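This report refers to the structure that appears directly beneath it.
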Amino acid sequence: MAKIPDATITRLVHYLRALERMEKAGQLRTSSDELARASGVTAFQVRKDLAYFGSYGTRGVGYTVPVLRRELAQILGLGRRWRLAIVGMGRLGQALADFYALSESYELVAGFDVSPEVIGRQVGPFTVEPVEKLPQIVPESHVEIGILTVPEAAAQQAAEALVAAGVRGILNFTPAILKLPEQVAIENADFMAGLSRLSFFMLNPRWREEMMG
Ligand code: NAD
């Protein structure tokens with residue numbers, strides 16, 4: 001398989017959302033032009049991104065909305081539910097817990113903390129557990145993805161504990177640069193970087209126009 005650019009995967013998520021909206025509205029067919037407009041990219045980009053994964057559209061006919069929606073969901077691993085645990089049930093951890101509780105593809109099954117103020121708190125279907133219990137609870141609960149929302153200084157150790165317990169994917173909200181075995185997928189989520197990009201482009205509007213082509 002050709003090496004797939006990171007940005008392609010992000011755009012697939014945007015195409016999937018656009019297709020979900022179309023399917024909800026009862027729309028049966030779409031085109032690369034329409035998908036491009038709905039996702040803020042060019043039609044060429046849509047065709048190029050989808051071509052990495054096979055040939056989906058028919059020239060002159062376009063794409064069947066439910067079929068492409070299902071294919072993209074499958075490619076993105078959303079054809080099943082993933083079990084998540086959050087380490088660090090502070091402000092961000094609790095906010096994310098509320099958010100993930102609404103998700104169809106992800107099931108939050110455990111949360112860990114070190115603070116006696118937080119441990120024992122009921123969050124949706126589970127009770128926040130002391131982090132010492134992570135090595136036991138993560139394999140027992142078949143957790144596959146760990147979400148890191150601890151202070152930066154605690155991040156590497158918490159990530160290593162998750163990996164030692166069998167987790168193979170980490171969504172890292174901390175500013176720490178994690179060093180983990182190669183087979184562990186790490187995704188860094190950074191709202192602050194988004195704000196800095198925004199202020200940069202507000203000061204330099206021409207750069208944004210040039211990047212958009
Ligand atoms: P917070 O202090 O409210 O929560 C941190 C929680 O982690 C606390 O409940 C604390 O008791 C717990 N904790 C500390 N050490 C731990 C350990 N070893 N194991 C388990 N739990 C532990 O902080 P917050 O505002 O929720 O921020 C959490 C993290 O998210 C920080 O690293 C912060 O920098 C980061 N953050 C990132 C973004 C972003 O844009 N990515 C935005 C906000 C916060």
Side-chain angles (χ1 to χ4, degrees), residues 1-2 4-86 92-111 123-126 141-147 149 168-173 185 187-191 193-195 197-198 201 208-209 211-213:
M1 199 193 247
I4 299 163
D6 231 33
T8 292
I9 308 300
T10 307
R11 284 191 294 267
L12 290 191
V13 178
H14 297 159
Y15 305 153
L16 177 61
R17 287 190 189 142
L19 288 160
E20 283 169 349
R21 283 194 294 272
M22 290 174 195
E23 195 174 4
K24 248 193 203 136
Q27 183 176 336
L28 198 61
R29 305 205 73 85
T30 187
S31 61
S32 45
D33 275 321
E34 189 184 27
L35 262 182
R37 274 195 307 277
S39 318
V41 296
T42 63
F44 173 73
Q45 187 72 67
V46 171
R47 288 193 292 269
K48 191 172 164 196
D49 286 338
L50 295 181
Y52 283 110
F53 302 95
S55 136
Y56 293 107
T58 312
R59 196 174 270 279
V61 179
Y63 307 99
T64 309
V65 170
V67 172
L68 188 58
R69 203 261 312 139
R70 248 194 330 270
E71 292 283 352
L72 291 192
Q74 206 66 39
I75 289 167
L76 290 166
L78 306 179
R80 49 165 289 203
R81 288 197 103 191
W82 296 85
R83 293 167 73 81
L84 316 179
I86 298 183
L92 187 56
Q94 304 229 5
L96 290 173
D98 290 341
F99 179 75
Y100 291 125
L102 303 174
S103 163
E104 274 177 23
S105 303
Y106 304 98
E107 186 180 0
L108 186 55
V109 294
V123 179
F126 64 82
S141 307
H142 306 289
V143 171
E144 301 164 284
I145 295 177
I147 298 170
T149 45
R168 289 291 169 268
I170 292 189
L171 183 56
N172 173 31
F173 280 91
E187 192 62 36
N188 296 308
D190 197 337
F191 309 131
L195 266 183
R197 280 172 58 82
L198 194 60
F201 284 121
R208 180 159 182 78
E209 281 156 26
M211 277 183 71
M212 297 284 287

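Just so we're clear, the structure is a prediction, and the values are computed from it rather than from any experiment.
Every pair tested for side-chain hydrogen bond (donor to acceptor under 3.5 Å, both in side chains) that includes a residue from residues 93-104 fails, sequence neighbours excluded, so the list is empty. Within the structure, salt bridge (Lys or Arg N to Asp or Glu O under 4.0 Å) contacts touching residues 25-47 (residues at least two apart or in different chains) do not occur.
The nearest pair of heavy atoms linking Ala189 to Leu171 is CB-CD1, 4.1 Å. Between Ala97 and Val123, the closest heavy-atom pair is CB-CG1, 3.6 Å.
For the side-chain hydrogen bond (donor to acceptor under 3.5 Å, both in side chains) test, no residue two or more places apart in sequence or in another chain qualifies with Glu187. With sequence neighbours excluded, the residues satisfying salt bridge (charged side-chain N to carboxylate O under 4.0 Å, His left out) with Arg81 are Glu107. Listed by chain and number, the residues in a salt bridge (charged side-chain N to carboxylate O under 4.0 Å, His left out) with Glu20 amount to none (sequence neighbours excluded). Ser39 pairs by the side-chain hydrogen bond (donor to acceptor under 3.5 Å, both in side chains) definition with nothing, not counting sequence neighbours. Partners of Arg17 under the side-chain hydrogen bond (donor to acceptor under 3.5 Å, both in side chains) rule, at least two apart in sequence or in another chain, do not exist in this structure. For the side chain to side chain contact (heavy atoms under 4.5 Å, CB included) test, residues two or more places apart in sequence or in another chain that qualify with Ser141 are Arg83, Val109, Ile137, Val143. Here Gln45 pairs with Arg11, Tyr15, Val41, Thr42, Asp49 under the side chain to side chain contact (heavy atoms under 4.5 Å, CB included) rule; sequence neighbours left out. For Asp190, the side-chain hydrogen bond (donor to acceptor under 3.5 Å, both in side chains) criterion is met by no residue, not counting sequence neighbours. Looking at residues two or more places apart in sequence or on another chain, you find no side chain to side chain contact (heavy atoms under 4.5 Å, CB included) involving Gln74. The ring pair (Phe, Tyr, Trp, His ring centres under 6.0 Å) search around Phe126 returns none, not counting sequence neighbours.
You'll find the side chain of Leu68 reaches within 4.5 Å of the side chain of Leu35, heavy atoms only. Considering only heavy atoms from C-beta on, Tyr52 stays 4.5 Å or farther from Ile75 through its side chain.
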Exercise for the section: Given side chain to side chain contact (heavy atoms under 4.5 Å, CB included), test Leu16 with Leu78 step by step and report yes or no. Expected result: CA-CA 11 Å; Leu16 177 61; Leu78 306 179; 3.6 Å; yes
Practice task
Begin from the C-alpha positions of Ile147 and Tyr106 and carry the test side chain to side chain contact (heavy atoms under 4.5 Å, CB included) through to its verdict.
Solution key: CA-CA 12 Å; Ile147 298 170; Tyr106 304 98; over 6 Å; no
Exercise for the section: Walk me through it: do Leu72 and Val13 pass the test side chain to side chain contact (heavy atoms under 4.5 Å, CB included)? Expected result: CA-CA 8 Å; Leu72 291 192; Val13 178; over 6 Å; no
Practice task
Determine, step by step, whether Glu71 and Leu50 satisfy the side chain to side chain contact (heavy atoms under 4.5 Å, CB included) criterion, reporting the C-alpha distance in whole Å, the side-chain angles of both residues, the deciding distance to 0.1 Å, and the verdict.
Solution key: CA-CA 10 Å; Glu71 292 283 352; Leu50 295 181; over 6 Å; no
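Expressed to the nearest 0.5 Å, how far OG1 of Thr30 lies from CG of Leu19 amounts to 6.5 Å. Here the straight-line distance linking atom CZ of Arg168 with atom CD1 of Ile145 works out to 13.0 Å at 0.5 Å rounding. Here the CG-CG distance, from Leu108 to Leu84, works out to 6.0 Å after rounding to the nearest 0.5 Å. Considering CZ of Phe173 and CD1 of Ile86, their distance stands at 8.5 Å, rounded to 0.5 Å.
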